[in-house]
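The structure appears below as structure tokens.
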Amino acid sequence: MNSHTVERVQSASTQIPDQRGRFGEFGGRFVPETLTRALVELESAYAAARKDPTFHVELNELLKRFVGRPSPLYHAQRLTKLAGGAQIWFKREDLNHTGAHKINNTLGQALLTLRMGKKRVIAETGAGQHGVATATACAHFGLPCVVYMGAEDVRRQKPNVFSMRLMGAEVRPVTSGSKTLRDAVNEAMRDWMASVENTHYIIGSVIGPHPFPMMVRDFQSVIGREARAQCQETFHRLPDTVVACVGGGSNAAGMFFPFIEDASVRLIGVEAGGRSSSSGEHAAPLSLGTPGVLHGSYSYVMQDRDGQTSPVHSISAGLDYPGVGPEHSYWKDSGRVEYTFCRDDDALATFDKVARNEGILPALESCHAVAKAIEIAGTMNAEQNLLICLSGRGDKDAAEIARLKGQDY
Amino acid sequence: MSVIDERFADLRASGRKAFIPFITAGDPSLDMTGRLLLRLSQCGAAIAEVGIPYSDPIADGPVIQASYTRALEAGIKLEDIFATIARVVPQVKMPIVSMVSYAIVNRLGPQRYVEDAQRCGFSGAIVPDLLVEEGDELREICRQRDFSLIHLVTPTTPRQRMLRIAECSTGFIYFVSVTGITGERTELPQELYEQVAWLRERTEIPICIGFGISRVEHVRQLAPVADGLIVGSAIVRKFVEANDPEVALAQVDELARALIGAMG
Ligand SMILES: Cc1ncc(COP(=O)(O)O)c(C=O)c1O
């Protein structure tokens with residue numbers, strides 16, 4: 001990255017969040033006292049790393065030679081024709097090593113783990129993409145790694161479970177609660193409560209207590225920085241509209257953040273609309289939830305009258321989460337980003353559409369963004385450009401899609 | 001002076017220590033929660049801690065976690081818990097504090113949570129996921145109403161910070177014995193005794209130790225340095241292991257008397 005963009009990003013992010021990790025009223029640190037020291041330590045290690053050019057050189061080298069960055073900006077011409085409006089562009093995070101944007105964050109945090117002198121890594125995973133990306137970073141650096149994964153997700157994302165184990169990570173299925181991502185985060189936090197002195201918890205999205213939401217956003221911002229430059233190079237303007245799917249919100253935050261100050265760029269986050277808008281049938285806290293506390297921060301969440309987290313559902317394991325990063329809550333309430341949702345069946349239909357028209361198998365998570373983007377592109381004109389964060393590839397979903405369609409895999 | 005302050009003043013005047021049982025509200029039923037509180041009071045518990053079941057308790061080990069899940073699955077709501085406490089408080093001789101996640105306090109709003117909790121007879125709250133930095137609003141509300149707000153210190157808390165937490169706490173300080181989650185331990189860390197003693201010399205506020213305490217040996221070891229000891233999982237577990245709640249109740253009675261006996 002050039003020094004100008006570093007400065008721009010750093011100045012924006014030193015104001016937001018504030019000292020207490022607040023994005024407006026959202027964010028903060030709602031965790032047991034036991035974790036405070038580790039969070040303070042992480043905060044200062046990250047602040048030091050951020051100012052240290054050798055850290056950036058090291059990370060950028062890894063992103064280039066290990067991940068394969070920059071990921072291409074791809075003109076989806078047949079989808080553009082199908083949508084009948086704006087030019088549709090994919091930012092190809094699916095082409096990264098390990099198949100999703102998650103690796104941008106895990107390498108950054110693994111480097112910090114080493115800087116802090118911690119000897120062990122834990123992580124949670126939903127779709128398994130973050131688990132694989134963490135296992136990969138740990139194998140690369142020789143760090144032992146334990147990944148917590150909901151038992152339901154172990155079932156529906158088998159290939160990723162196998163990959164993690166191949167790279168030496170221990171996958172611990174979580175059988176409490178809904179057996180999905182939220183419970184995996186709980187278990188990882190409990191592990192960290194006991195292991196905090198020698199273990200770093202690599203959180204997989206822009207969620208959790210300060211400084212995680214800020215730090216993960218910064219690591220993922222490479223997506224938006226590259227895309228911004230690629231748009232200017234390719235069509236000599238900024239995109240008119242940028243669309244990304246939102247689970248915890250890391251690919252979206254990374255894509256949006258470098259465009260936040262570009263008022264002409266419309267930013268749209270797409271949540272998991274599931275089967276319907278009734279409680280328990282979707283995972284769309286920004287669209288259908290209320291502000292509350294979950295997993296260490298104050299943000300929109302699906303909760304009942306008493307503050308108990310509500311069950312959620314999504315066809316895609318990576319979006320099947322009742323909370324969302326606090327910065328998205330801030331962007332929502334400030335009106336800077338619009339949030340909408342996409343239903344399970346639209347996402348599934350979009351998988352086929354992208355596969356057949358573009359020769360790309362997108363992750364089911366990313367299909368949520370593509371589905372909405374096709375709709376929106378149709379309302380725009382052919383001179384306009386719509387950029388989608390294609391956050392990951394769909395190989396991991398093939399078996400589950402076959403099962404849903406009643407076909408052999 | 002709050003009810004809890006008075007309780008510790010009495011205990012200190014007579015050279016006694018507080019036995020503080022923790023139970024989960026609504027596990028196995030709210031009716032049993034009421035009976036259990038009554039029984040613990042008769043056994044000589046100084047204060048009781050009632051856990052408000054929460055869907056995502058990250059500081060809790062498997063025993064308490066599972067009890068929260070059972071209570072929530074049984075459909076226990078906050079207003080039912082408040083109603084049970086309101087019914088029980090006039091019959092017991094000990095103050096009762098709620099152990100409650102900030103997710104729940106925040107959902108009601110700190111003002112309303114404290115008002116409702118106090119109206120039904122709770123004397124204070126322990127909010128395990130509320131750090132002192134995030135606690136200004138709740139602390140002020142509690143202070144105005146003489147409702148104790150008990151903060152936690154842990155083995156990972158730096159010493160200067162311990163003093164700050166002690167200053168922010170009212171009623172007592174909850175000294176977490178281990179770096180980890182709730183649940184019984186065979187042995188407690190060696191440094192614990194010294195850490196508590198260090199803080200003991202620097203603050204007036206009562207210090208109660210919790211997490212992992214389940215045995216008579218623990219109590220003998222720790223009672224001399226603390227104002228009170230908190231026992232949770234060892235009690236909650238009885239209701240999991242005995243398939244008859246009446247049997248569990250008798251076992252809790254026996255455990256409570258043994259632990260109180262060991263406090264000297
Ligand atoms: C490909 C892909 N996209 C998106 C997500 C959702 O996460 P986030 O919202 O943090 O980008 C995941 C999570 O597993 C994923 O694997």
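No experiment lies behind these values; they were computed from the predicted model shown.
Enclosure of atom CD in Glu187(B) is not indicated, since only 12 or fewer non-hydrogen atoms of other residues, nucleotides or ligands lie within 6.0 angstrom.
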- Task: Using the side chain to side chain donor-acceptor pair (under 3.5 Å) rule, take Gln65(B) and Arg190(A) through it: C-alpha gap first, then chi angles, then the decisive distance, then the call.
- Result: CA-CA 11 Å; Gln65(B) 220 186 101; Arg190(A) 288 181 192 122; 3.2 Å; yes
- Message: Determine whether Val31(A) and Leu131(B) satisfy the following criterion, side-chain contact (heavy atoms from CB on, under 4.5 Å), listing intermediate values before the conclusion.
- Response: CA-CA 7 Å; Val31(A) 292; Leu131(B) 302 178; 4.0 Å; yes
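Atom CZ of residue Phe211(B) and atom CE of residue Met193(A) lie 5.5 Å apart, to the nearest 0.5 angstrom. For the atom pair CD1 (Ile58(B)) and NE2 (His295(A)), the distance works out to 7.0 Å, reported to the nearest 0.5 Å. For the atom pair CD (Glu79(B)) and CG (Asp306(A)), the distance works out to 7.5 Å, reported to the nearest 0.5 Å. How far OG1 of Thr34(A) is from CG of Leu152(B): 8.0 Å, rounded to the nearest 0.5 Å. Considering OG1 of Thr36(A) and CD of Glu133(B), their distance stands at 6.5 Å, rounded to 0.5 Å.
In plain terms, the two heavy atoms of Glu134(B) and Arg20(A) that are nearest each other are OE1-NH2, 3.3 Å. Nearest approach of Gly307(A) to Arg107(B), heavy atoms of both residues: N-CG, 3.3 Å. Closest approach of Tyr54(B) to Val293(A), counting heavy atoms only: OH-O, 3.6 Å.
There is no contact between Thr69(B) and chain A, counting heavy-atom distances below 4.5 Å. Within the 4.5 angstrom heavy-atom criterion, atoms from both the backbone and the side chain of Thr309(A) approach chain B. There is no contact between Asp191(A) and chain B, counting heavy-atom distances below 4.5 Å. With a threshold of 4.5 angstrom between heavy atoms, Val127(B) does not approach chain A through any atom at all. Proximity to chain B is absent for every atom of Pro209(A), based on heavy atoms less than 4.5 angstrom apart. Heavy atoms closer than 4.5 Å to chain A are found in both the backbone and the side chain of Pro57(B). Heavy atoms closer than 4.5 Å to chain B are found nowhere in Ser310(A), neither backbone nor side chain. Contact of Ser195(A) with chain B is not made at all, since no heavy-atom distance falls under 4.5 Å. Of the atoms belonging to Asn106(B), it is side-chain heavy atoms, and not backbone ones, that fall under 4.5 Å from chain A. Within the 4.5 angstrom heavy-atom criterion, only side-chain atoms of Ile165(B), from C-beta onward, approach chain A.
Looking at heavy atoms from C-beta onward, Arg161(B) lies in side-chain contact with Glu33(A) at the 4.5 angstrom threshold.
Of the residues considered (Pro155(B), Ala66(B), Pro128(B)), Pro128(B) shows the highest number of contacts with chain A, using heavy-atom pairs under 4.5 Å. Comparing Asp129(B), Val153(B), Ile181(B) by heavy-atom pairs within less than 4.5 Å of chain A, the highest count is held by Asp129(B). In terms of heavy-atom pairs under 4.5 Å with chain B, the best-connected choice from Glu187(A), Arg305(A), Glu197(A) is Arg305(A).
With hydrogens and angles disregarded, no donor-acceptor distance shorter than 3.5 Å links the side chain of Gln303(A) to the backbone of Ala103(B). Side-chain atoms of Arg37(A) do not come within 3.5 Å of backbone N or O of Thr157(B) as any donor-acceptor pair. A donor-acceptor contact shorter than 3.5 Å links the side chain of Gln308(A) to the backbone of Ser55(B).
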